[in-house]
Amino acid sequence: MTRKTNYCLGIMIAGLLMSSCNSATTSDDLQKDADTVAVADNDGFEQIFDGKTLNGWEGDTAYWRAEEGSLVGEVTPEKLLKSNTFIIYKGGEPKDFELKLEFKITEAGNSGINYRSVLFDGVPYALKGYQADIDGKNNYTGQNYEERGRTTLAYRGQKVTIPNKPGESQKNAWTAAIIDGSLGSSDSLKALIKSNDWNTCHLIIKGNHLQHYINGILMSDVTDEDTTNRKMEGLLGIQVHVGPPMQVHYRNIMLKNL
């Protein structure tokens, strides 16, 4: 199935969700449809996690381990975090790329995939940069959040342009952001994300265009024209967030440089 076909199917499913009040289609039916949209074309992708060791990655092993094919991040009552911590991919600083993986997170969990990021001075294994947000309650999963930066750039369901002009973070969102359109309501898209079960994530990052897909559905779309704050390349890493005990699993992590 081509990427164009995947995109069109994603838009069709989002449209069905938005018009559900006029349709007999159930959320279970839509979930099954969403599962069929998973991107199958893996040409040019490279596995960057071997499923057995942390080779090629660097992070605090008090919180990260390889287990049964998964990269596992865990916070326990005995080892609570004082600041967000990342396990960082050491195979380069991707510029234009696609990233595919599967994730599963407990209800109390808070995580995310950082890209085009830089190390944050003074805090071990901390990153600053774009993040595909993931959380166990699926309040934020799919949105575009800039860690230690401009904060929320696009909520789930938003197509956004970040203009090349000053802004500030208010109520954890960037005030200069311009909403160009809707990809579906946040709640309708949330219905397509599985709780405490495996989901797919697909990031398509080209130039200043940043797209986050969950289970084959476009969840947020950002065009970043802010030449002062945007980054065009940088580190890739996966986060465990400050908070209560939690666990997150990532597997089948594949990268394709464009």
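The minimum heavy-atom distance linking I113 with C201 is given by the pair CD1-SG, 3.8 Å. Residues K256 and D43 approach most closely at NZ-O, 3.2 Å, considering heavy atoms. Residues F86 and G237 approach most closely at CD2-C, 4.1 Å, considering heavy atoms. Nearest heavy-atom pair across W198 and K194 is O-CD, 3.3 Å. The shortest heavy-atom contact between A154 and V222 is CB-CG2, 3.5 Å. Summarising the geometry of S182 relative to G184, their closest heavy-atom pair is OG-N, 3.0 Å, with the distance given to 0.1 Å.
Atom OG1 of T227 and atom CG of N164 lie 3.5 Å apart (nearest 0.5 Å). The CD1 atom of I193 sits 10.0 Å away from the CD1 atom of I217 when rounded to the nearest 0.5 Å. Once rounded to the nearest 0.5 Å, the distance linking CG of L81 with OG1 of T76 reads 9.0 Å. The NZ atom of K231 sits 13.5 Å away from the OH atom of Y115 when rounded to the nearest 0.5 Å. Taking CG of N252 as the start and CD of E102 as the end, the distance is 4.5 Å to the nearest 0.5 Å. Rounded to the nearest 0.5 Å, atoms CE (M254) and CD (E46) are 11.0 Å apart.
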Exercise for the section: Output, in order, the C-alpha distance, side-chain angles, deciding distance and verdict of side chain to side chain contact (heavy atoms under 4.5 Å, CB included) for L119 and L127. Expected result: CA-CA 5 Å; L119 292 171; L127 291 178; 3.9 Å; yes
Problem - side-chain hydrogen bond (donor to acceptor under 3.5 Å, both in side chains) assessment of E98 paired with H202 - result: CA-CA 7 Å; E98 293 186 38; H202 184 188; 2.7 Å; yes
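Side-chain atoms of H212 come within 3.5 Å of backbone N or O of Q143 as a donor-acceptor pair. When atom types are taken as modelled, the side chain of T175 and the backbone of E168 share a donor-acceptor pair closer than 3.5 angstrom. Proximity of a side-chain donor or acceptor of D226 to a complementary backbone N or O of I162 within less than 3.5 Å is not detected. With hydrogens and angles disregarded, no donor-acceptor distance shorter than 3.5 Å links the side chain of N114 to the backbone of G112.
Contacts classified as salt bridge (Lys or Arg N to Asp or Glu O under 4.0 Å) and involving residues 69-86 (residues at least two apart or in different chains) are given here: R65-E74.
Summarising the local packing, NZ of K190 is surrounded by more than 12 heavy atoms from other residues, nucleotides or ligands at distances under 6.0 Å. For E225, the CD atom sits in a packed shell: over 12 heavy atoms of surrounding residues, nucleotides or ligands are nearer than 6.0 Å. Other residues, nucleotides and ligands contribute over 12 non-hydrogen atoms within 6.0 Å of the OH atom of Y250. Within 6.0 Å of CD1 on I178 lie more than 12 heavy atoms contributed by other residues, nucleotides or ligands. Atom CG of N172 sits in a crowded spot, with more than 12 heavy atoms from other residues, nucleotides or ligands closer than 6.0 Å.
One hydrophobic cluster, built from ILVMFWY side chains closer than 4.5 Å, holds both V242 and V248. Linking Ile, Leu, Val, Met, Phe, Trp and Tyr residues whenever their side-chain heavy atoms come within less than 4.5 Å leaves L101 and V72 in two separate clusters. There is a path of hydrophobic side-chain contacts, each under 4.5 Å, that joins W64 to W57. Under the 4.5 Å side-chain heavy-atom criterion for Ile, Leu, Val, Met, Phe, Trp and Tyr, V240 and Y125 are members of distinct hydrophobic clusters. A single hydrophobic cluster is not seen to contain both L235 and L255; linkage of ILVMFWY side chains at heavy-atom distances under 4.5 Å, directly or through other members, places them apart.
Looking at heavy atoms from C-beta onward, V160 lies out of side-chain contact with Y155 at the 4.5 angstrom threshold.
Test Q239, K128, H241 against E147 for side chain to side chain donor-acceptor pair (under 3.5 Å) and you get one pass: Q239.
Ionic pairing of D224 and R116 is not present here: no N-O contact between side-chain nitrogen and carboxylate oxygen is shorter than 4.0 angstrom.
There is no side-chain donor-acceptor pair under 3.5 Å between T223 and N208.
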